[in-house]
Amino acid sequence: MSCEDPSSARMIRSPKHLQKGTCIKCKTSKGKITIRHAVYCKECFFSFIRLKFRRGLEPYINADPLSSRTKLKASGNLTLALSGGMGSVALLDLIYSTYLTDTSPVGRMHRQKIWPQVYIVFVDLSAVYPEKDEMRDLGTQIQSLKQRYPEVEMISARIESVFDRDWWTSTGGSNVDSSSVDLKDSDLPFSSSLLHDDPVASFQKYLSSLPTSTSITASIDLFIRAILVHLASWTRSSHLLMGTSLTSLSVGLINCVSQGGGYHVHEEQEEVLDGIRIIRPLRDTSAKEVAYYAWWSGLDVPGRQRPTTLSGIKEQTRAFIFGLDRHYPSTVSAITKTCAKVEAKSSSEIVAQQCRLCRRPIQDGIDAWKHRIAIRERSATLEENPHFEASSSSLGRHLCYPCHTTLSSPNSRTSMATSNTILNLPVWTSLTPRSSSLVSNSDPISAPIPQAIEEFLLPAE
Amino acid sequence: MPPKLCQLCNETRAVLKRPKTGQHICRECFYYVFETEIHNTIMEAKLFSPGDRVAIGASGGKDSTVLAYVMKVLNERYNYGLDLHLLSIDEGIRGYRDDSLETVKRNQQQYDMPLKILSYEELYGWSMDRIVEQVGRKNNCTFCGVFRRQALDRGAANIGVDHILTGHNADDIAETVLMNIMRGDIARLGRCTLITTQGEDTIKRSKPFKYVYEKEIVMYAYFKKLDYFSTECIYSPDAYRGHARTFLKDLEASRPSAIIDIIHSGEAFEVRQEVKAKAKAQTTCKRCGYMSSNELCKACSLLEGLERGMGGLAVVRGRCRGLESGRR
Ligand SMILES: [Zn+2]
Ligand SMILES: [Zn+2]
Ligand SMILES: [Zn+2]
Ligand SMILES: [Zn+2]
């Protein structure tokens with residue numbers, strides 16, 4: 001069934017031998033790096049990277065995108081996600097050298113600051129890898145890395161904080177809930193009581209109850225994002241920046257699609273939550289370029305090696321994309337270009353329910369869709385009524401497709417465990433819909449919103 | 001340990017682990033879910049009306065053999081009222097198609113459906129074996145794809161059918177979703193998950209196996225002892241698609257639902273097919289007289305290249321780009 005594809009011949013293989021010559025930009029210096037068939041000297045490489053970085057950030061700084069770009073002024077502070085990996089370290093350096101030092105061209109131009117305060121947030125993952133010492137050391141290494149950038153404030157948070165109601169409240173969170181869910185049933189029965197109250201235990205129980213290692217990685221990513229948004233909100237930030245490179249963004253997008261998140265490819269690239277814009281200024285810069293930038297700038301990359309104990313769809317996607325990148329270098333940018341252009345069908349709908357875990361929109365009719373194409377029950381009621389509806393006390397119907405898959409889709413070897421499948425949910429999970437935790441500073445919507453749908457609306461872009 | 005009971009009926013011993021859901025089920029329940037899900041797909045898409053004449057594109061392989069069998073079963077069970085035909089294309093691949101056509105001829109007897117066979121040789125004057133002789137193995141799937149598509153359409157017209165069913169399964173579709181994202185083909189991405197598509201002509205093509213796992217097709221054919229030809233096409237697909245296929249298999253091993261999860265993602269990008277063929281001035285190919293939106297139809301422009309002895313990539317790149325109406 002594969003012989004139908006006339007266009008695959010168009011995939012162009014990269015030349016085996018790259019020619020080093022004179023820089024394509026200044027035409028005088030000797031070339032040092034080849035970026036997609038073009039040779040650059042070191043200096044021109046730096047200005048090229050800086051240009052792409054500014055193009056990826058500055059159009060999004062002013063609250064009103066149409067206002068003049070010569071005067072950049074954010075409506076709040078800046079939060080930068082710092083994992084210690086190559087991208088986030090390079091991003092911090094670019095932010096600092098471009099906007100926060102007097103010697104930089106933009107720094108001089110903008111005497112008054114674009115953001116009143118700049119924060120970096122580090123999420124400590126040692127609870128994920130309790131046996132790995134290097135994960136515990138990472139926090140200290142990040143601290144010392146931070147010394148290089150005075151004026152920047154650092155906040156650390158532990159990944160298990162998503163189960164820590166005291167911490168969540170002390171960092172400005174309201175609407176903190178206690179609830180648990182049973183994974184045994186794919187409808188995911190919900191209960192508003194806790195098993196116990198220890199965040200580390202809750203976190204580890206959560207991870208160990210998940211059906212696949214794909215789900216573990218997805219949940220960790222979801223928790224990190226929730227903590228980042230939460231702290232960005234607490235620090236009254238208008239922007240949350242991620243050091244995602246072009247290559248990582250492609251991995252993220254294919255990972256998203258592979259886990260049923262097609263309706264979220266837009267959010268995967270940029271989204272607004274609680275009035276905070278999540279931006280990836282390195283989204284046009286490949287992992288290789290980021291690595292050269294870090295290397296030639298003499299940056300420490302403490303989080304270079306992430307433990308690779310987990311293996312699931314995200315890790316497979318990473319291996320696949322990095323492998324393809326070697327032979328078909330146009331693939332990585334083709335992926336991001338495709339996903340930037342496509343419009344998920346849901347974006348035309350005005351009212352979408354928010355997923356109680358990831359807070360992205362939920363599409364209608366997922367239950368019926370799943371029951372139609374993958375019959376899991378053979379009951380009389382189901383045969384009479386294929387448009388199956390889950391009961392109202394189930395979390396399942398309040399989750400988006402990928403989150404539901406994360407909690408319920410089994411792996412290929414074992415069926416779901418039959419006992420001990422009840423786990424605590426992160427503090428923000430609740431079945432009652434609610435408005436965002438802080439007053440958002442997003443653009444006001446001109447027409448009045450009917451009260452009944454108000455809390456279902458996402459902050460406007 | 002007592003034998004495990006079927007998770008669906010709780011009565012019979014489970015004999016298989018269902019690839020799509022991981023459930024342990026009995027044989028009868030497997031038949032039930034396999035057939036009912038296809039029926040659900042057909043009903044949801046309102047694929048047919050009573051009295052429709054429908055052709056099943058039959059290659060003798062597992063997908064189309066199971067498709068022919070299941071369509072016959074469902075047509076009788078649910079009174080679809082369809083007039084079912086088998087339609088086969090003889091690409092002229094020695095040791096592959098000649099043998100698989102024998103299977104199709106047996107299917108014709110077994111399922112009691114009329115069969116029509118059309119060959120590349122009689123349609124185009126070129127067999128696949130001769131094309132490969134000329135262009136080498138590199139781009140032969142390009143030719144085969146264009147030729148087969150048109151051959152099926154002509155065959156359908158020939159037997160008075162305007163609806164062709166193909167055996168594309170969920171794995172094929174998930175793979176195509178990934179491929180289209182990776183090569184930036186937004187037009188194709190927008191239609192590759194549609195259950196029914198319509199090209200420049202008036203003939204509809206539908207994929208009732210859109211949500212059916214390849215592994216379950218093999219399983220169904222095995223349990224039902226269906227007669228199919230199991231050798232893969234000797235002219236294998238290109239390396240790039242091969243990578244995508246391996247990747248998909250890895251994902252499925254990690255999480256069996258990955259295949260439908262990807263199709264679900266693909267459905268987010270679906271673009272309703274507006275009748276663009278009508279908007280664009282529809283003409284006929286000046287060479288063969290077949291419907292075409294360009295001076296030459298796709299098949300004829302490939303043929304011209306072949307005859308000029310410049311098969312290969314030059315033809316594919318230079319001509320197809322302008323010819324694919326869906327492409328921007
Ligand atoms: Zn230069
Ligand atoms: Zn979600
Ligand atoms: Zn059974
Ligand atoms: Zn023609």
Side-chain angles (χ1 to χ4, degrees), chain A residues 1-11 211-215 253-254 256-265 311-313 316-317 320 323-324 328 331 334-335 337-339 341-346 363 366 369-370 372-378 386 401-402 405 409-412 415-416, chain B residues 8-9 20-24 29 32-33 36-37 40-41 44 63 138-139 141-142 144-146 148-149 167-169 172 177-179 181-186 189 211 233 235 237-238 240-241 243 247 250-251 253-258 260-262 264-270 313 316-317 320:
Chain A
M1 284 296 151
S2 58
C3 305
E4 308 236 344
D5 173 29
S7 58
S8 53
R10 252 180 250 123
M11 299 310 306
T212 57
S213 45
T214 301
S215 308
L253 289 165
I254 294 292
C256 174
V257 165
S258 301
Q259 301 198 32
Y263 286 89
H264 296 156
V265 287
S311 71
I313 288 180
Q316 287 169 330
T317 306
F320 173 64
L324 268 186
Y328 306 93
T331 302
I335 291 168
K337 274 186 207 135
T338 313
C339 293
K341 275 186 250 169
V342 294
E343 222 175 291
K345 281 194 290 191
S346 62
Q363 292 71 50
I366 294 175
W369 188 86
K370 282 197 172 182
R372 207 161 49 228
I373 65 164
I375 299 170
R376 279 161 223 268
E377 276 167 78
R378 220 186 148 167
Y401 187 98
T405 304
S409 181
N411 71 23
S412 52
S415 316
M416 285 287 275
Chain B
L8 287 174
C9 63
K20 199 192 256 181
T21 62
Q23 284 180 325
H24 295 260
C29 284
Y32 169 79
V33 292
T36 308
E37 286 167 8
N40 287 346
T41 306
E44 179 69 19
D63 298 302
K138 240 189 155 156
N139 299 297
C141 278
T142 303
C144 199
V146 171
R148 188 193 301 147
R149 198 181 166 87
H168 290 90
N169 59 45
D172 297 325
V177 169
L178 292 175
M179 289 284 294
I181 295 176
M182 294 193 297
R183 62 183 178 211
D185 196 331
I186 290 171
L189 181 61
Y211 299 117
C233 177
Y235 301 133
D238 67 286
Y240 193 78
R241 186 175 269 274
H243 289 311
F247 174 55
D250 289 345
L251 298 182
S254 277
R255 181 192 264 169
S257 71
I260 34 175
D261 296 343
I262 292 169
H264 180 77
S265 287
E267 289 181 354
F269 315 131
E270 272 175 14
L313 205 58
V316 177
R317 284 221 189 126
C320 266

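Below, chain A is the first sequence line, B the second, and so on; all start at residue 1.
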**Prompt:** Distance from B:Ser257 atom OG to A:Ile313 atom CD1, nearest 0.5 Å?
**Reply:** 7.0 Å
**Item:** CG on B:Asp250 to CD on A:Gln316, rounded to 0.5 Å
**Value:** 5.0 Å
**Item:** From B:Thr21 atom OG1 to A:Lys370 atom NZ, the distance as rounded to the nearest 0.5 Å
**Value:** 12.0 Å
**Message:** Please find the pair of heavy atoms, one from B:Ser265 and one from A:Gly262, that lie closest to each other, and give the distance.
**Reply:** OG-N, 2.9 Å
**Request:** Could you check if a side-chain atom of A:Ile373 sits within less than 4.5 angstrom of a side-chain atom of B:Asn40, using non-hydrogen atoms only?
**Result:** no
**Request:** Heavy atoms only: give me the nearest B:Gly184-A:Thr338 pair and the separation to one decimal.
**Result:** CA-OG1, 3.0 Å
**Item:** A:Ser215 and B:Arg255: CA distance, side-chain angles, deciding distance, side-chain hydrogen bond (donor to acceptor under 3.5 Å, both in side chains) verdict
**Value:** CA-CA 9 Å; A:Ser215 308; B:Arg255 181 192 264 169; 3.2 Å; yes
**Message:** Show the nearest heavy-atom pair for residues B:His243 and A:Tyr328, with the distance to one decimal.
**Reply:** CD2-CE1, 3.8 Å
**Message:** Heavy-atom cut-off 4.5 Å, strictly under: side chain, backbone, both or neither for A:Ser213 against chain B?
**Reply:** neither
**Fill in**
Between A:Pro410 and B:Pro256 the two heavy atoms that sit nearest each other are O-CD, 3.3 Å
**Message:** For A:Gln259 versus B:Asp261, what's the shortest heavy-atom pair and its separation?
**Reply:** C-CB, 3.9 Å
**Prompt:** Side chain, backbone, both or neither: which part of A:Cys339 has a non-hydrogen atom closer than 4.5 Å to chain B?
**Reply:** side chain
**Message:** Going by ring-ring contact (aromatic ring centres under 6.0 Å, His included), name the residues that satisfy it together with B:Phe269, two or more places apart in sequence or in a different chain.
**Reply:** none
**Message:** Does any part of the side chain of B:Phe247, heavy atoms only, come nearer than 4.5 Å to the side chain of A:Ile254, both counted from C-beta?
**Reply:** yes
**Prompt:** Should B:Met182 and A:Leu324 count as side-chain neighbours, where that means a heavy-atom distance under 4.5 Å?
**Reply:** yes
**Request:** Name all residues meeting the ring-ring contact (aromatic ring centres under 6.0 Å, His included) criterion together with B:His264; count only those two or more places apart in sequence or in a different chain, and write none if there are none.
**Result:** A:Tyr263, A:Trp369, A:Tyr401
**Request:** Could you tell me the separation between the CG atom of B:Leu178 and the CZ atom of A:Phe320, rounded to the nearest 0.5 Å?
**Result:** 7.0 Å
**Request:** Indicate yes or no: at least one non-hydrogen side-chain atom of A:Leu253 is less than 4.5 angstrom from one of B:Ile181.
**Result:** no
**Request:** Measure across A:Thr212 and B:Ser254 and return the closest heavy-atom pair with its distance rounded to 0.1 Å.
**Result:** CG2-O, 3.9 Å
**Item:** Contacting moiety of B:Leu189, where chain A heavy atoms sit under 4.5 Å
**Value:** side chain
